[in-house]
Amino acid sequence: GYQDDATRSMWRYRDYVIRSFNANKPFDQFTLENIAGDLLTALSPEERRDQLIGSGFNRNHRFNEEGGSDPEEFRVAYAVDRTNATATTWLGLTFECAQCHDHKYDPISQRDYYQLYAFFNSVQGALGVSKARRQPPVLELPTPKQTARLESLKTEIAAVNAALKTHESESDARFDRWTLRHDLSADDVDRLVALPAIRHILKLDVKERSNGQNALLQFYFRRHYDPVHRRLTDHRESLRTVKKRIQGAVVTTMIMAKMSTRKPAHILRRGHFTDKGDRVEPNVPAILPPLATGSERDRLALARWLVDGKNPLVARVAVNRLWKQIFGTGIVKTANDFGTRGEPPSHPPLLDWLATELVRCSWDLKTIQRLILTSATYRQAPAGAELGESEQRAVRIDPNNRLLWHSPRYRLVAETIRDNALAIAGLLSRKFGGPSVMPFQPPGYFADKSTDWDWNLSTGNDRYRRGVYTFWRRTTPYPMLTLFDAPSREVCTALRPRTNTPLQALVTMNDPVYVEASRVFAQRVLTAFDAEIDKTLHETLDRALTYAFRTAVSHSPNGEQLAILRRVYQRQLEHYRQHRSEAEKLTAHGDAPQLDGIAPPMLAAWMCVANVLLNMDETITRE
Amino acid sequence: MTKPQHVPLPQNVDPLRWVTRRSFLGRTSAGLGTIALASLLDSSTQAEENDSVGALPGLHFAPKAKRVIYLFMSGAPSHVDLFDPKPELNDMHGKPLPQSVRGKERLTLMTRSQAEHLCARATAMFSHRGACGMELSDLLPHIGGIADQICLVRSMYTEPINHDPAVTFMQTGSPQAGRPCMGSWLTYGLGSDNADLPAFVVLLSGHTNQPLLSRYWHSGFLPSRHQGVQFRSQGDPVLYLSHPNGLDGAGRGRIVEAVNALNRIKSKQVLDPEIEGRIDSFELAYRMQSLIPDVLDLGRETNATKSLYGIDSTDDAKKQYGTQCLRARRLVESGVRFVEVNCPGLFASNGTWDQHGNLKKGHERNAGVTDQAVAGLIKDLKARGLFDETLVLWAGEFGRTPHTGLKNLDGRDHHPEGFTVWMAGGGIKGGTIYGGTDEMGMHAVENIVSIHDLHATILHLLGLDHERLTYRFGGRDFRLTDVHGRIVEEILA
């Protein structure tokens, strides 16, 4: 995250999060696992594995690998990141403001800050600065096949070791004879032994040889005069190489592990790692309900405190996040700030009710989600442009639709924009999980900014995976997603901006991913309508255009919209009939399979239509 | 093809006058001379923009400069080898640095464990240059030729000691990632001079050893249209600027026309002002597709101009850096507000200018590649009458230790305690030296200038008060200069 970092694997944590939401894991359990999974007890190995993977939440911070950096500076920075991420995610507070001084607006003191920080200060392994692909502590997650192979290798190596032992006890007598035999003459030694060092030892009197020299002699004997021994050790070596290779290929994920003795935490004056103030003990902010007494003040106690149902923030922050995902804006618009400087909720009793419902139904998020999705508010239509009298009044009172008098329209988030285009084309791979993929990005995109980063373009369907599976390098994130406001993921981000720029238009027009999607979308239409369109019968053409439009936005076009599409199709078809080689070039884009038997001019013209549809405001907007 | 000279430059419109809220990377329509002040936006704009206060009714001061070219010397050039001659240091060559001079210097882990640190003399001679007689290293003969135009600030200091936090500090006024960078603040305050081009452009110079992170030109919590738009050195300068192979400009034009016609229908059906913004974005994107290649095309430049920048050199790195500097001129000429030019990776073992070892060869090479292009840029700006309204900043993220980082006396470690940057152009008193370090070049001691002071001064020259250019985020008003910053009045013309 800071400089030229090694690639680290955290996709098992990502898959764990997705799986947890899909399985509707209760939010309190999810919280316990994320904050303190390593400190929980489990009923099964599978549960234990999930808990440990979940604890990786606190290992998602950046690592510094710059040579010459001060490890303590960054060890502190990581603990700070954990503190801030936890406060943002569960408390919706701008806790980070209190890192250097008491919070200017909210009742959070700098002491509060470092008391929360103290929960995250004692983590095993996590050194400040080191270059390693696997930053300990990690959990190894071998596949069953890898486990079986490693087990059998272990047995095989043990067997070889046993054989060696037996053999050595026999051959030691031979070794003794050998060394004596070479006592004979210096000339014979020169003739028989190539290595000067060995010759030298052999020429010494047996009593003069040191232990080290005897060991060397024995090693030499076994390599050169004991073929059985040699064969066995070679075999063991090759088994070990295989074992090492398999171990290197085992997927790991970073996890938390507490230190055996707690590392003392201090207030850091002005947030500076060398400027230690009072020593502090782990505790929760004074303004919030107290931590339960009687148990150890560790992350597990903190996690239990978060989800004990008495915390006034956690459930509100959680349902607000859900609301924001559904309506585009939270009931508290500043989803990252429930403090005094945040925006007050638009519907305070609603927020309270949803929050208490969440606790009442045992933190069942899907129940709350269903509640929202089946509401009359959710099922409204967007406001029409022709405003009646009451709508005009509504616009005057609430121009930003904070009161939700109509269904909000908002642009999709970056990942969904991409997924949506691929889905319309029929290209989207719906495969769940696995290592992150590298879909197309411009060649040399990394090279302009650093030396030795590679972007190994994924092959086959892995190019068309959902955006959430895209490989992420925080210092040079995937450009398409960044352009559509995806955060860099350097720090925990609760609120994404939503912008509208010409650079985004260039993506949806010209990014090869979109050009390929246009071709496959065009082929989808042509497949559905066979070659009938070739006759350019208006009726068939219109039916095909309608089908394409519906595929993109789920409703049929009106006459005016149809006319626009027909016009662009016909003009481009005419153009490509006159410039067949151009059509051949355009239709050659992308690796997805081509459709046989379609004349390039027609496919090219349909690609243009498809490109129009993928670029429509309505296509990239939720309404 | 449009002649580059015909690039729509602002005419008849005072580019610094408030015209409209719409700005380049936002919802451009009117475009020219925009001051993008989010709090003045009406309710129809993007949600996050309504959060801002910090409204400026106009500029705070009469501006001295209208735009900035920032020559970023990544890796940290050595002040004692280039700008800050220290005879006492030369005399002490090879001897341990006295503790009395060293004071409270922080060291990186690369050299911290060494028992002593040996002084290392400058790797080149210094000469008096220009009518002002400023002493500059012989490694920079061309910059020596423009000595009367530049102002050396020899008393800079910064806080971080490692590259990334120090670059972040230089760019954003904070060593922590996440704040908007200087270029973003400027375009947030001033908007664009040319609605058809990004207001803030970052020129990359290809393969580099010192990592350049996207967030170095990120807009942080400012609306993301204030992000620096990176122009790459290979492929499309702006991502996806080219039409796909097999689609010509006319075809793309028909597609954009159809998209916008469909969007206009939608706009009549539903109440959503964002759709208008989308229409603007597509029109602008389409115009950019022909405009940007024109602006970057050096085909219309004379051979004399090209050789001024060293583009006729047989040295590829020199040619490339010269090209980027000339492009920087063409961009500011076309109304781009803030251009950041990055160095190519020049010297193998460490990054640009980061000579922990091979100091002499490395600095000779880095200076040799950049010197002529930088001086050429200043001369060219002057010849075109752009110099007085363009502020040029030449700076690295920190300096290098006067003592050696290694036993062989041919390398220097990172050094935040005292270093040099220089400025030239709009509002800057040329031929001046401001501030100074101690006799060994160790600590800034005279008229010390912090990064915040530098930022405050730059904003001031552009007509902005660093204390009043604010943006509300996370419940408080943020500034580029946080709670610091002094305008260095003494260097202002």
Side-chain angles (χ1 to χ4, degrees), chain A residues 2-4 66-70 94 104-105 329 337 339 341-342 382-385 399-400 409 442 444 447-451 475-477 479 485 488 490-491 497-502 504-507 510-511 515 560-561 564 568 571-572 575 582-583 585-586 589 608 611-612 615-618, chain B residues 25 27 43 46-48 108-110 162-164 177-178 204 206-209 211-215 223-225 229 232-235 238-247 251 254-255 258-259 261-263 265-272 274-275 277-278 281-282 284-285 288 474-476:
Chain A
Y2 290 86
Q3 277 219 331
D4 267 346
E66 182 182 335
S69 305
D70 194 319
T94 55
K104 296 287 183 201
Y105 303 109
T329 309
D337 188 4
R341 309 302 280 186
N400 291 324
R409 280 185 111 245
D448 253 357
K449 295 198 271 172
S450 188
T451 37
T475 48
T476 305
D485 307 314
S488 68
E490 285 166 311
V491 293
R498 201 176 290 132
T499 63
N500 175 1
T501 76
Q504 295 166 354
L506 291 175
V507 171
N510 299 329
D511 178 349
V515 180
E560 211 182 340
Q561 287 162 330
I564 290 164
V568 78
R571 292 185 64 181
Q572 289 305 95
H575 168 79
E582 290 298 295
K585 282 185 211 154
L586 187 66
H589 280 278
C608 293
N611 197 257
V612 167
N615 275 284
M616 272 199 307
D617 178 79
E618 194 177 340
Chain B
L25 287 177
R27 312 182 41 201
S43 59
Q46 296 138 23
E48 74 272 14
T108 71
L109 289 201
M110 291 182 194
N162 296 114
H163 293 293
D164 171 64
L204 300 174
H207 186 88
T208 168
N209 314 64
L212 289 169
L213 317 185
S214 301
R215 67 175 157 77
S224 56
R225 64 167 183 273
V229 174
R232 302 159 67 228
S233 66
Q234 53 175 318
V238 170
L239 285 178
Y240 314 123
L241 191 68
S242 309
H243 303 302
N245 201 7
L247 182 68
R254 283 191 282 272
I255 289 175
V259 169
L262 289 163
N263 288 349
I265 292 172
K266 190 75 202 174
S267 184
K268 280 186 218 145
Q269 290 171 344
V270 296
L271 176 74
D272 185 0
E274 270 303 294
I275 303 172
R278 187 96 52 224
S281 290
F282 274 83
L284 180 49
M288 276 169 62
R476 79 165 173 98

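Within every chain, numbering begins at 1; the chains are lettered A, B, ... in the order of the sequence lines, protein sequences first and strands thereafter. Remember, it's a predicted structure, so these values are computed and weren't measured experimentally.
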Tell me, for A/Val612 versus chain B, whether the close heavy atoms (under 4.5 Å) come from the side chain, the backbone, both or neither.
both

Quick check: closest heavy atoms across [X] and [Y], and the distance to 0.1 Å?
X        : Y        : result
A/Gln572 : B/Leu247 : NE2-CD1, 4.0 Å
B/Lys268 : A/Ala385 : O-CB, 2.9 Å
A/Asn510 : B/His243 : OD1-CA, 4.1 Å
A/Val507 : B/Tyr240 : CG2-CD1, 3.8 Å
B/Ser281 : A/Asn500 : OG-OD1, 2.9 Å
B/Pro244 : A/His589 : CB-NE2, 3.8 Å

Using the test side-chain contact (heavy atoms from CB on, under 4.5 Å), find all partners of B/Ala285 that sit at least two apart in sequence or belong to another chain.
A/Pro502, A/Ala505, A/Leu506, A/Met509

Which of B/Leu262, B/Leu239, B/Val259, B/Asn162 touches chain A most, by non-hydrogen pairs under 4.5 Å:
B/Asn162

Residue B/Val238 versus chain A: region with a heavy atom under 4.5 Å:
side chain

Chain A contact via B/Asp272 - which portion, at a heavy-atom distance below 4.5 Å
side chain

First locate atom [atom1] of [X], then atom [atom2] of [Y], and finally report the distance between them rounded to the nearest 0.5 Å.
X        : Y        : atom1 : atom2 : value
B/Ile265 : A/Asp617 : CD1   : CG    : 12.5 Å
A/Met616 : B/Arg278 : CE    : CZ    : 12.0 Å
A/His575 : B/Arg254 : NE2   : CZ    : 6.5 Å

Taking every heavy-atom pair that is under 4.5 Å apart, which of A/Ser488, A/Ala583, A/Pro382, A/Cys608 has the most such pairs with chain B?
A/Cys608

Ranking A/Asn615, A/Asp511, A/Asn611 by heavy-atom pairs under 4.5 Å to chain B gives rank one to A/Asp511

